[in-house]
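Structure, as C-alpha coordinates:
Labels below follow one simple rule: chain letters A, B, ... track the order of the sequence lines, proteins then strands, and each chain is numbered from 1.
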Amino acid sequence: MIAPATAATVVSAVLGWYDQHRRDLPWRRPGTSPWGVLVSEFMLQQTPVARVREPWLSWLTRWPEPAALAAEAPGEAVRAWGRLGYPRRALRLHQTAIAIVQQHGGSVPTERSDLLALPGVGSYTAAAIASFAFGQRHVVLDTNVRRVLTRIALGEEFPAPATTRAEATLAEGFLPRSPERAARWAVASMELGAVVCSARSPRCGDCPVVRQCAWHRAGRPTYDGPPRRGQTYEGTDRQCRGAVLAVLRGGGEVPEADLLAEWPEPAQRTRAIESLIADGLAVRTGRGRLTLP
DNA sequence: AAGTCGTGGGA
DNA sequence: TTCCCAAGACT
(Lines give C-alpha, C1' and ligand atoms only; values in the text may rest on other atoms or scores of the structure.)
Protein backbone atom coordinates (compact mmCIF):
# COMPACT_ATOMS: atom_id res chain seq x y z
CA MET A 1 0.00 0.00 0.00
CA ILE A 2 0.88 3.62 -0.10
CA ALA A 3 0.11 6.50 2.21
CA PRO A 4 -2.86 8.52 0.95
CA ALA A 5 -0.91 11.74 1.33
CA THR A 6 1.90 10.35 -0.80
CA ALA A 7 -0.56 9.17 -3.43
CA ALA A 8 -2.14 12.60 -3.56
CA THR A 9 1.28 14.19 -4.01
CA VAL A 10 2.11 11.82 -6.84
CA VAL A 11 -1.21 12.48 -8.58
CA SER A 12 -0.80 16.24 -8.41
CA ALA A 13 2.72 16.12 -9.74
CA VAL A 14 1.81 13.79 -12.59
CA LEU A 15 -1.23 15.88 -13.56
CA GLY A 16 0.92 18.98 -13.66
CA TRP A 17 3.52 17.22 -15.73
CA TYR A 18 0.87 15.97 -18.13
CA ASP A 19 -0.48 19.46 -18.78
CA GLN A 20 2.99 20.49 -19.88
CA HIS A 21 4.21 17.42 -21.72
CA ARG A 22 1.26 15.56 -23.16
CA ARG A 23 1.68 14.38 -26.74
CA ASP A 24 -0.66 15.71 -29.37
CA LEU A 25 -2.39 12.51 -30.43
CA PRO A 26 -5.29 12.66 -32.89
CA TRP A 27 -7.70 10.75 -30.67
CA ARG A 28 -7.05 13.21 -27.84
CA ARG A 29 -8.26 16.18 -29.84
CA PRO A 30 -11.23 17.85 -28.25
CA GLY A 31 -14.32 16.77 -30.09
CA THR A 32 -13.20 13.20 -30.66
CA SER A 33 -16.30 11.04 -30.47
CA PRO A 34 -16.68 8.06 -28.14
CA TRP A 35 -16.51 5.94 -31.27
CA GLY A 36 -13.16 7.52 -32.12
CA VAL A 37 -11.91 6.74 -28.64
CA LEU A 38 -13.15 3.17 -28.90
CA VAL A 39 -11.44 2.65 -32.25
CA SER A 40 -8.19 4.05 -30.88
CA GLU A 41 -8.32 1.68 -27.93
CA PHE A 42 -8.81 -1.33 -30.17
CA MET A 43 -5.91 -0.28 -32.36
CA LEU A 44 -3.66 0.47 -29.41
CA GLN A 45 -4.02 -2.98 -27.89
CA GLN A 46 -0.44 -4.21 -28.15
CA THR A 47 0.41 -1.82 -30.96
CA PRO A 48 2.63 1.26 -30.46
CA VAL A 49 1.13 4.75 -30.75
CA ALA A 50 3.31 5.74 -33.69
CA ARG A 51 1.88 3.00 -35.86
CA VAL A 52 -1.74 3.75 -34.98
CA ARG A 53 -1.87 7.42 -35.96
CA GLU A 54 -2.46 7.12 -39.70
CA PRO A 55 -4.71 4.04 -39.71
CA TRP A 56 -6.88 5.68 -37.05
CA LEU A 57 -7.30 8.83 -39.12
CA SER A 58 -8.30 6.99 -42.28
CA TRP A 59 -10.51 4.57 -40.35
CA LEU A 60 -12.49 7.43 -38.78
CA THR A 61 -12.77 9.18 -42.11
CA ARG A 62 -14.15 6.10 -43.78
CA TRP A 63 -16.30 4.93 -40.89
CA PRO A 64 -17.11 8.01 -38.79
CA GLU A 65 -19.70 6.13 -36.79
CA PRO A 66 -20.41 2.53 -35.75
CA ALA A 67 -23.27 2.10 -38.23
CA ALA A 68 -20.98 2.82 -41.18
CA LEU A 69 -18.59 0.05 -40.19
CA ALA A 70 -21.40 -2.31 -39.25
CA ALA A 71 -22.76 -2.05 -42.78
CA GLU A 72 -19.50 -3.33 -44.28
CA ALA A 73 -18.34 -6.86 -44.86
CA PRO A 74 -15.96 -7.94 -42.08
CA GLY A 75 -13.22 -8.44 -44.65
CA GLU A 76 -13.20 -4.71 -45.32
CA ALA A 77 -12.30 -4.12 -41.69
CA VAL A 78 -9.55 -6.71 -41.90
CA ARG A 79 -8.16 -5.11 -45.04
CA ALA A 80 -8.29 -1.60 -43.62
CA TRP A 81 -6.56 -2.90 -40.51
CA GLY A 82 -3.49 -3.29 -42.66
CA ARG A 83 -0.37 -4.25 -40.80
CA LEU A 84 -1.40 -3.17 -37.33
CA GLY A 85 -1.09 -6.78 -36.22
CA TYR A 86 -3.44 -9.16 -34.43
CA PRO A 87 -6.08 -8.91 -37.17
CA ARG A 88 -8.67 -10.59 -34.96
CA ARG A 89 -8.96 -7.17 -33.39
CA ALA A 90 -10.32 -5.85 -36.68
CA LEU A 91 -12.90 -8.60 -36.71
CA ARG A 92 -13.89 -7.86 -33.14
CA LEU A 93 -14.09 -4.16 -33.83
CA HIS A 94 -16.46 -4.91 -36.69
CA GLN A 95 -18.52 -7.16 -34.41
CA THR A 96 -18.53 -4.46 -31.78
CA ALA A 97 -19.87 -1.96 -34.31
CA ILE A 98 -22.70 -4.34 -35.09
CA ALA A 99 -23.45 -4.87 -31.40
CA ILE A 100 -23.50 -1.11 -30.85
CA VAL A 101 -26.01 -0.69 -33.66
CA GLN A 102 -28.19 -3.60 -32.67
CA GLN A 103 -28.11 -3.26 -28.92
CA HIS A 104 -27.32 0.38 -28.23
CA GLY A 105 -29.04 2.34 -30.95
CA GLY A 106 -25.80 3.09 -32.75
CA SER A 107 -24.14 4.94 -29.87
CA VAL A 108 -21.20 3.67 -27.86
CA PRO A 109 -22.63 2.58 -24.49
CA THR A 110 -21.53 4.58 -21.47
CA GLU A 111 -21.79 1.86 -18.82
CA ARG A 112 -18.67 -0.10 -18.08
CA SER A 113 -20.62 -3.34 -17.86
CA ASP A 114 -22.10 -2.73 -21.31
CA LEU A 115 -18.69 -1.93 -22.72
CA LEU A 116 -17.26 -5.10 -21.20
CA ALA A 117 -19.87 -7.14 -23.02
CA LEU A 118 -18.61 -5.94 -26.41
CA PRO A 119 -16.36 -8.35 -28.30
CA GLY A 120 -12.71 -7.40 -27.97
CA VAL A 121 -13.35 -5.19 -24.96
CA GLY A 122 -11.75 -6.42 -21.78
CA SER A 123 -11.15 -4.93 -18.38
CA TYR A 124 -8.64 -2.35 -19.52
CA THR A 125 -10.43 -1.20 -22.66
CA ALA A 126 -13.81 -0.88 -20.94
CA ALA A 127 -12.31 1.30 -18.23
CA ALA A 128 -10.33 3.33 -20.74
CA ILE A 129 -13.36 4.13 -22.90
CA ALA A 130 -15.52 4.97 -19.91
CA SER A 131 -12.78 7.20 -18.58
CA PHE A 132 -11.50 8.91 -21.75
CA ALA A 133 -14.76 9.18 -23.66
CA PHE A 134 -17.19 9.74 -20.82
CA GLY A 135 -15.08 11.20 -18.03
CA GLN A 136 -15.93 8.49 -15.54
CA ARG A 137 -13.92 7.42 -12.53
CA HIS A 138 -12.29 4.05 -13.09
CA VAL A 139 -9.03 2.29 -12.38
CA VAL A 140 -7.40 2.15 -15.80
CA LEU A 141 -4.68 -0.41 -15.49
CA ASP A 142 -2.62 -0.86 -18.62
CA THR A 143 0.98 -1.93 -19.05
CA ASN A 144 2.19 1.65 -18.56
CA VAL A 145 0.30 2.32 -15.37
CA ARG A 146 1.24 -1.06 -13.97
CA ARG A 147 4.91 -0.30 -14.48
CA VAL A 148 4.65 3.23 -13.08
CA LEU A 149 2.86 2.12 -9.92
CA THR A 150 5.13 -0.88 -9.44
CA ARG A 151 8.16 1.35 -9.52
CA ILE A 152 6.79 4.15 -7.40
CA ALA A 153 5.08 2.10 -4.71
CA LEU A 154 6.71 -1.31 -4.77
CA GLY A 155 10.23 -0.33 -5.70
CA GLU A 156 10.51 -2.97 -8.40
CA GLU A 157 11.46 -2.55 -12.01
CA PHE A 158 8.62 -4.52 -13.60
CA PRO A 159 5.19 -5.70 -12.48
CA ALA A 160 4.35 -9.39 -12.18
CA PRO A 161 3.47 -11.20 -15.41
CA ALA A 162 -0.23 -11.19 -14.57
CA THR A 163 -2.24 -8.46 -12.92
CA THR A 164 -3.03 -9.30 -9.32
CA ARG A 165 -5.84 -8.06 -7.14
CA ALA A 166 -3.27 -6.44 -4.88
CA GLU A 167 -2.20 -4.41 -7.85
CA ALA A 168 -5.76 -3.25 -8.53
CA THR A 169 -6.07 -2.29 -4.87
CA LEU A 170 -2.85 -0.37 -5.09
CA ALA A 171 -4.15 1.48 -8.14
CA GLU A 172 -7.38 2.37 -6.34
CA GLY A 173 -5.27 4.05 -3.70
CA PHE A 174 -4.16 6.58 -6.28
CA LEU A 175 -7.53 7.20 -7.88
CA PRO A 176 -8.76 10.74 -7.15
CA ARG A 177 -12.30 11.10 -5.84
CA SER A 178 -13.70 13.36 -8.51
CA PRO A 179 -14.44 11.76 -11.88
CA GLU A 180 -12.83 14.62 -13.79
CA ARG A 181 -9.58 14.33 -11.87
CA ALA A 182 -9.67 10.54 -11.97
CA ALA A 183 -10.04 10.57 -15.75
CA ARG A 184 -7.13 12.97 -16.10
CA TRP A 185 -5.03 10.81 -13.79
CA ALA A 186 -5.78 7.81 -16.00
CA VAL A 187 -4.39 9.40 -19.16
CA ALA A 188 -1.63 11.19 -17.34
CA SER A 189 -0.27 8.12 -15.58
CA MET A 190 -0.37 6.18 -18.83
CA GLU A 191 1.44 8.97 -20.60
CA LEU A 192 4.12 9.08 -17.92
CA GLY A 193 4.74 5.38 -18.38
CA ALA A 194 4.86 5.69 -22.14
CA VAL A 195 7.11 8.72 -22.34
CA VAL A 196 9.24 8.83 -19.18
CA CYS A 197 8.87 5.71 -17.08
CA SER A 198 9.45 3.39 -20.02
CA ALA A 199 10.37 -0.26 -19.88
CA ARG A 200 13.74 -0.02 -21.61
CA SER A 201 15.43 3.21 -20.65
CA PRO A 202 13.47 5.21 -18.09
CA ARG A 203 14.24 8.91 -18.08
CA CYS A 204 14.21 9.40 -14.35
CA GLY A 205 15.84 12.80 -14.81
CA ASP A 206 12.64 14.04 -16.43
CA CYS A 207 10.25 12.37 -14.02
CA PRO A 208 7.96 14.59 -11.94
CA VAL A 209 7.79 12.00 -9.17
CA VAL A 210 11.37 10.76 -8.81
CA ARG A 211 11.38 11.85 -5.22
CA GLN A 212 8.36 9.68 -4.49
CA CYS A 213 9.70 6.68 -6.39
CA ALA A 214 10.70 3.68 -4.29
CA TRP A 215 12.47 2.03 -7.20
CA HIS A 216 14.65 5.07 -7.86
CA ARG A 217 15.33 5.51 -4.17
CA ALA A 218 16.47 1.89 -3.96
CA GLY A 219 18.99 2.47 -6.73
CA ARG A 220 16.85 1.08 -9.54
CA PRO A 221 17.41 -2.61 -8.75
CA THR A 222 17.12 -4.97 -11.70
CA TYR A 223 14.01 -7.09 -12.06
CA ASP A 224 14.38 -10.44 -10.34
CA GLY A 225 10.90 -11.92 -10.61
CA PRO A 226 9.80 -14.88 -12.71
CA PRO A 227 11.08 -14.84 -16.29
CA ARG A 228 9.07 -12.53 -18.51
CA ARG A 229 7.62 -14.52 -21.32
CA GLY A 230 9.40 -14.11 -24.58
CA GLN A 231 7.62 -13.84 -27.90
CA THR A 232 9.59 -15.89 -30.34
CA TYR A 233 8.10 -15.35 -33.74
CA GLU A 234 10.33 -16.72 -36.45
CA GLY A 235 8.99 -20.05 -37.61
CA THR A 236 5.76 -19.88 -35.62
CA ASP A 237 2.22 -20.41 -36.79
CA ARG A 238 1.64 -16.73 -36.20
CA GLN A 239 4.26 -15.82 -38.75
CA CYS A 240 2.66 -18.17 -41.23
CA ARG A 241 -0.84 -16.85 -40.56
CA GLY A 242 0.48 -13.34 -41.05
CA ALA A 243 1.95 -14.27 -44.39
CA VAL A 244 -1.28 -15.89 -45.56
CA LEU A 245 -3.36 -12.94 -44.48
CA ALA A 246 -1.00 -10.49 -46.14
CA VAL A 247 -1.76 -12.19 -49.44
CA LEU A 248 -5.51 -12.17 -48.83
CA ARG A 249 -5.40 -8.49 -47.94
CA GLY A 250 -4.11 -7.91 -51.44
CA GLY A 251 -7.65 -8.59 -52.61
CA GLY A 252 -9.59 -10.99 -54.75
CA GLU A 253 -9.84 -14.74 -54.43
CA VAL A 254 -6.65 -16.72 -54.21
CA PRO A 255 -6.38 -20.37 -55.23
CA GLU A 256 -5.55 -22.20 -52.02
CA ALA A 257 -2.99 -24.35 -53.76
CA ASP A 258 -1.02 -21.29 -54.87
CA LEU A 259 -1.21 -19.63 -51.49
CA LEU A 260 2.25 -19.66 -49.97
CA ALA A 261 3.10 -22.71 -52.06
CA GLU A 262 6.74 -22.06 -51.25
CA TRP A 263 6.25 -22.14 -47.50
CA PRO A 264 8.92 -24.47 -46.07
CA GLU A 265 6.52 -26.31 -43.77
CA PRO A 266 3.46 -27.54 -45.71
CA ALA A 267 1.79 -28.83 -42.57
CA GLN A 268 2.15 -25.47 -40.93
CA ARG A 269 0.77 -23.74 -43.99
CA THR A 270 -2.31 -25.95 -43.90
CA ARG A 271 -2.67 -25.39 -40.18
CA ALA A 272 -2.47 -21.65 -40.64
CA ILE A 273 -5.13 -21.59 -43.32
CA GLU A 274 -7.47 -23.78 -41.33
CA SER A 275 -7.04 -21.71 -38.20
CA LEU A 276 -7.64 -18.47 -40.09
CA ILE A 277 -10.87 -19.94 -41.43
CA ALA A 278 -11.83 -21.13 -37.95
CA ASP A 279 -11.20 -17.61 -36.65
CA GLY A 280 -13.36 -16.08 -39.35
CA LEU A 281 -10.43 -14.24 -40.90
CA ALA A 282 -10.65 -16.18 -44.17
CA VAL A 283 -13.34 -18.05 -46.06
CA ARG A 284 -13.30 -20.73 -48.74
CA THR A 285 -15.25 -19.89 -51.82
CA GLY A 286 -15.92 -22.29 -54.64
CA ARG A 287 -13.19 -24.21 -56.43
CA GLY A 288 -10.68 -24.13 -53.57
CA ARG A 289 -10.24 -20.42 -53.42
CA LEU A 290 -9.61 -18.30 -50.37
CA THR A 291 -10.67 -14.75 -49.65
CA LEU A 292 -11.29 -12.34 -46.82
CA PRO A 293 -14.70 -12.79 -45.16
C1' DA B 1 -3.72 -19.91 -16.00
C1' DA B 2 -0.45 -20.37 -19.32
C1' DG B 3 -0.56 -20.00 -24.52
C1' DT B 4 -1.92 -17.96 -28.50
C1' DC B 5 -2.57 -14.26 -31.40
C1' DG B 6 1.13 -9.84 -35.80
C1' DT B 7 4.13 -6.58 -36.77
C1' DG B 8 7.63 -3.24 -36.55
C1' DG B 9 11.02 -0.33 -34.47
C1' DG B 10 14.23 1.35 -30.90
C1' DA B 11 18.10 0.21 -27.90
C1' DT C 1 22.37 -7.88 -35.33
C1' DT C 2 19.47 -9.51 -31.93
C1' DC C 3 16.35 -8.83 -28.50
C1' DC C 4 12.52 -6.82 -26.30
C1' DC C 5 8.09 -5.29 -26.11
C1' DA C 6 4.08 -2.21 -27.42
C1' DA C 7 -3.08 1.82 -24.39
C1' DG C 8 -4.70 -6.74 -24.16
C1' DA C 9 -8.30 -10.15 -25.05
C1' DC C 10 -9.63 -14.63 -25.04
C1' DT C 11 -9.52 -19.49 -24.06
- Item | Atom-pair distance (CZ on A:Arg203; P on B:dA11), nearest Å | 11 Å

- Of the nucleotides C:dA7, C:dC10, C:dC5, which has the atom closest to the A:Arg92 side chain? C:dC10

- Just jot down the side-chain contact (heavy atoms from CB on, under 4.5 Å) partners of A:Asp279, sequence neighbours excluded, or say none. A:Arg88, A:Arg241, A:Leu281

- Steps toward side-chain contact (heavy atoms from CB on, under 4.5 Å) verdict (A:Tyr18, A:Leu192): CA-CA 8 Å; A:Tyr18 181 69; A:Leu192 185 69; over 6 Å; no

- Item | A:Thr143 side chain near C:dA6 phosphate (N/O to OP1/OP2, under 4.0 Å) | yes

- Task: Quickly work out the A:Gln46 CD to B:dG9 C1' distance and round it to whole Å.
- Result: 15 Å

- Task: Grab the CZ-C1' distance between A:Arg88 and B:dG6 for me, whole Å please.
- Result: 10 Å

- Message: Closest approach to the side chain of A:Pro87, judged atom by atom: which nucleotide of B:dG6, B:dC5, C:dA7 is it?
- Response: B:dG6

- Sorted by number, residues from residues 172-202 of chain A placing a heavy atom under 4.0 Å from DNA chain C are A:Met190, A:Ala199, A:Arg200

- Query: So what does A:Trp81 hit on the nucleic acid, given a heavy-atom distance under 4.0 Å: a base, only sugar-phosphate, or nothing?
  - Reply: nothing

- Task: Considering only atom P, compute the distance from B:dC5 to C:dA7 and round it to an integer number of Å.
- Result: 22 Å

- Message: Expressed as a whole number of angstroms, how long is the span from A:Arg83:CZ to B:dC5:P?
- Response: 17 Å

Check: residues 282-293 of chain A side-chain donor-acceptor pairs under 3.5 Å, at least two apart:
unit_1: A:Arg284; atom_1: NE; unit_2: A:Glu256; atom_2: OE1; d: 2.8
unit_1: A:Arg284; atom_1: NH2; unit_2: A:Glu256; atom_2: OE2; d: 3.1
unit_1: A:Arg284; atom_1: NH2; unit_2: A:Glu274; atom_2: OE2; d: 2.5
unit_1: A:Thr285; atom_1: OG1; unit_2: A:Glu253; atom_2: OE1; d: 3.1
unit_1: A:Thr285; atom_1: OG1; unit_2: A:Arg289; atom_2: O; d: 3.4
unit_1: A:Thr291; atom_1: OG1; unit_2: A:Gly252; atom_2: O; d: 3.4

- For A:Ala168, check side-chain contact (heavy atoms from CB on, under 4.5 Å) against everything at least two apart and list the hits. none

- Task: Taking the side chain as every heavy atom from C-beta outward, state whether A:Val121 and A:Phe42 have any atom pair closer than 4.5 Å.
- Result: yes

- Query: How close or far is atom C1' of C:dA6 from atom CZ of A:Arg146, stated in whole angstroms?
  - Reply: 14 Å

- Evaluate side-chain contact (heavy atoms from CB on, under 4.5 Å) for A:Leu115 paired with A:Val108, printing each intermediate quantity in order. CA-CA 8 Å; A:Leu115 289 165; A:Val108 176; 3.9 Å; yes

- Task: For B:dG8 and C:dA9, measure between their P atoms and round to the nearest Å.
- Result: 23 Å

- Under the side-chain contact (heavy atoms from CB on, under 4.5 Å) criterion, do A:Trp35 and A:Leu69 qualify, and how do the steps go? CA-CA 11 Å; A:Trp35 170 243; A:Leu69 178 60; 3.7 Å; yes

Return a table of donor-acceptor pairs under 3.5 angstrom between the side chains of residues 90-106 of chain A and protein atoms on other chains or two or more places apart.
unit_1: A:His94; atom_1: NE2; unit_2: A:Glu72; atom_2: O; d: 2.8
unit_1: A:Thr96; atom_1: OG1; unit_2: A:Arg92; atom_2: O; d: 3.3
unit_1: A:Thr96; atom_1: OG1; unit_2: A:Pro119; atom_2: O; d: 2.8

- Task: Determine the interatomic distance between C1' on C:dT11 and the same-named atom on B:dT7; round to the nearest Å.
- Result: 23 Å

- Message: Within the 4.0 Å heavy-atom criterion, would you say A:Leu25 contacts the bases, only the backbone, or no part of the nucleic acid?
- Response: base

- Message: Could you check whether A:Arg62 pairs with A:Glu76 (Lys NZ or Arg NE/NH1/NH2 to Asp/Glu carboxylate O, under 4.0 Å)?
- Response: yes

- Where along residues 264-281 of chain A does a heavy atom come under 4.0 Å from DNA chain C, residue by residue in number order? none

- To the nearest Å, how far apart are A:Asn144 CG and C:dA6 C1'? 8 Å

- Message: Quick check on contacts: within residues 106-126 of chain A, what sits under 4.0 Å from DNA chain C by heavy-atom distance?
- Response: A:Pro119, A:Gly120, A:Val121, A:Gly122, A:Ser123, A:Tyr124, A:Thr125

- At under 4.0 Å between heavy atoms, what does A:Leu84 touch on the DNA or RNA strands: base, sugar-phosphate, or nothing? base

- Item | Residue pairs fulfilling side-chain hydrogen bond (donor to acceptor under 3.5 Å, both in side chains) with at least one residue in residues 109-131 of chain A, sequence neighbours excluded | A:Glu41-A:Tyr124, A:Gln45-A:Thr125

- Task: Verify the neighbour count for atom CZ of A:Arg271: are there more than 12 heavy atoms of other residues, nucleotides or ligands below 6.0 Å?
- Result: yes

- Can you name the side-chain contact (heavy atoms from CB on, under 4.5 Å) partners of A:Ser58, sequence neighbours left out? none

- Message: How many whole angstroms separate atom CG of A:Leu44 from atom P of B:dG6?
- Response: 18 Å

- Atom-to-atom span, CZ of A:Arg147 to P of C:dA7 - whole angstrom: 7 Å

Identify every side-chain donor-acceptor pair in residues 143-165 of chain A under 3.5 Å, counting partners at least two apart or on other chains, and give the distances.
unit_1: A:Asn144; atom_1: OD1; unit_2: A:Arg147; atom_2: NH2; d: 2.9
unit_1: A:Asn144; atom_1: OD1; unit_2: A:Ala194; atom_2: N; d: 3.4
unit_1: A:Asn144; atom_1: ND2; unit_2: A:Asp142; atom_2: OD2; d: 3.0
unit_1: A:Arg146; atom_1: NE; unit_2: A:Thr163; atom_2: OG1; d: 3.4
unit_1: A:Arg146; atom_1: NE; unit_2: A:Glu167; atom_2: OE2; d: 2.4
unit_1: A:Arg146; atom_1: NH2; unit_2: A:Ala160; atom_2: O; d: 2.6
unit_1: A:Arg146; atom_1: NH2; unit_2: A:Ala162; atom_2: O; d: 3.4
unit_1: A:Arg146; atom_1: NH2; unit_2: A:Glu167; atom_2: OE1; d: 3.1
unit_1: A:Arg146; atom_1: NH2; unit_2: A:Glu167; atom_2: OE2; d: 3.3
unit_1: A:Arg147; atom_1: NE; unit_2: A:Cys197; atom_2: O; d: 2.7
unit_1: A:Arg147; atom_1: NH2; unit_2: A:Gly193; atom_2: O; d: 2.8
unit_1: A:Arg147; atom_1: NH2; unit_2: A:Cys197; atom_2: O; d: 3.3
unit_1: A:Thr150; atom_1: OG1; unit_2: A:Arg146; atom_2: O; d: 2.6
unit_1: A:Arg151; atom_1: NE; unit_2: A:Glu157; atom_2: O; d: 2.8
unit_1: A:Arg151; atom_1: NH1; unit_2: A:Cys197; atom_2: O; d: 3.4
unit_1: A:Arg151; atom_1: NH1; unit_2: A:Ser198; atom_2: O; d: 2.9
unit_1: A:Arg151; atom_1: NH2; unit_2: A:Glu157; atom_2: O; d: 3.4
unit_1: A:Arg151; atom_1: NH2; unit_2: A:Ser198; atom_2: O; d: 3.3
unit_1: A:Glu157; atom_1: OE1; unit_2: A:Tyr223; atom_2: N; d: 2.7
unit_1: A:Thr164; atom_1: OG1; unit_2: A:Glu167; atom_2: N; d: 3.1

- Residues from residues 47-62 of chain A lying under 4.0 Å of DNA chain C - heavy atoms: A:Pro48

Using residues 2-13 of chain A as the side-chain source, report each donor-acceptor pair under 3.5 Å to any protein atom, sequence neighbours left out, with the distance given to one decimal.
unit_1: A:Thr9; atom_1: OG1; unit_2: A:Ala5; atom_2: O; d: 2.9
unit_1: A:Ser12; atom_1: OG; unit_2: A:Ala8; atom_2: O; d: 3.2
unit_1: A:Ser12; atom_1: OG; unit_2: A:Arg181; atom_2: NH2; d: 3.0

- Message: Counting C-beta onward and ignoring hydrogens, is there a side-chain heavy-atom pair between A:Trp263 and A:Gln239 closer than 4.5 Å?
- Response: yes

